[in-house]
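Scroll down for the structure; my scribbles are underneath it.
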Amino acid sequence: MKFPLVFKCLDTGNDKPLIMIVTYICVSIGQSEDFQAIAKFNYDALEQRIHFGEFGYYQNKTFHVDALLLYKEGVMYKINRHNKTCTRKELKSSFHPLKVPHNATLLGQVVLGSMSHHGESLLVNSWAGEIPEHKAKYLLTFTKLGCIPVSCLYNSPKTGGITISFFNNIVGIVDPNVFIPPPYCTTATLEEGSNDFFSIF
């Protein structure tokens with residue numbers, strides 16, 4: 001999958017990062033890729049852990065990813081709950097906070113929704129930038145209050161255009177048990193290697 005590259009435009013910066021969030025993500029890639037997916041993303045910066053559950057459609061096939069990354073422990077799990085099987089791999093990359101990149105440019109503030117009546121609008125900041133190593137450009141939208149991600153537009157020669165929408169965001173962790181691997185995962189053989197978030201896909 002190519003869309004995980006998009007998370008590179010959200011993983012470094014100087015602005016105050018989100019500490020914990022549960023969000024749903026809708027992803028689509030240009031018509032030539034025929035890729036669509038929806039994911040639930042649990043993120044805990046205090047304990048440096050991420051749980052990622054995704055369902056999608058790609059090249060006329062459906063797929064599912066269920067992954068747990070525990071950065072402090074240096075291990076990642078790719079879980080098949082139906083078969084009760086699991087792969088367990090070394091996780092050697094550093095944990096990166098979810099925040100606006102330090103080199104992003106603030107384009108300005110806009111209002112989503114209607115300004116006609118109270119409660120019908122959302123004030124957001126739009127940011128733009130580039131990721132030179134991928135020859136990529138991005139446009140990010142975060143809420144003015146709380147800096148909650150709203151959308152990401154990403155384009156590079158390798159991926160083409162990618163659109164990500166964030167919705168049903170909850171600041172905090174609703175179910176901390178999502179960060180506990182199932183019992184059958186703890187007995188899985190640890191596979192060595194230089195794995196990171198993008199090794200999931």
- Message: Is the distance from the ring center of Y43 to that of F95 below 6.0 Å?
- Response: yes

- Under a single-linkage definition using a 4.5 Å side-chain heavy-atom cutoff for Ile, Leu, Val, Met, Phe, Trp and Tyr, are F179 and I79 assigned to the same hydrophobic cluster? yes

- So which residues get pulled into M115's cluster when ILVMFWY side chains under 4.5 Å apart are joined, directly or through others? V111, L123

- Should D66 and K78 count as an ion pair when the cut-off is N to O under 4.0 Å? no

- Item | L145, CG: over 12 other non-hydrogen atoms inside 6.0 angstrom | no

- Residue set satisfying side-chain hydrogen bond (donor to acceptor under 3.5 Å, both in side chains) with Q109, at least two apart, ordered chain then number -> N125

- If you group Ile, Leu, Val, Met, Phe, Trp and Tyr whenever their side-chain heavy atoms sit less than 4.5 Å apart, what else falls in with V110? L112, L122, V124, V150

- Task: Using modelled atom types only, decide if a donor and an acceptor are shared between the side chain of D175 and the backbone of N177 within a distance under 3.5 Å.
- Result: yes

- What pairs of residues pass the salt bridge (Lys or Arg N to Asp or Glu O under 4.0 Å) test when at least one of them lies in residues 42-51, not counting sequence neighbours? D44-R49, E47-K72

- Note on the structure: Taking every heavy atom of Y71 against every heavy atom of S93, the minimum-distance pair comes out as CD2-O, 3.5 Å

- Query: What pair of heavy atoms forms the shortest contact from L106 to S126, and how long is it?
  - Reply: CD1-O, 3.5 Å

- Note on the structure: Excluding I180, membership of its hydrophobic cluster (Ile, Leu, Val, Met, Phe, Trp, Tyr; side-chain heavy atoms within less than 4.5 Å) reads none

- Task: Specify the closest pair of heavy atoms between M20 and L46, including all atoms of both residues, with the distance to one decimal.
- Result: CE-CD1, 3.4 Å

Acceptor/donor pairs from residues 160-171 side chains to any protein atom, 3.5 angstrom cut, sequence neighbours excluded:
from: N169; atom 1: OD1; to: T23; atom 2: OG1; distance (Å): 2.3

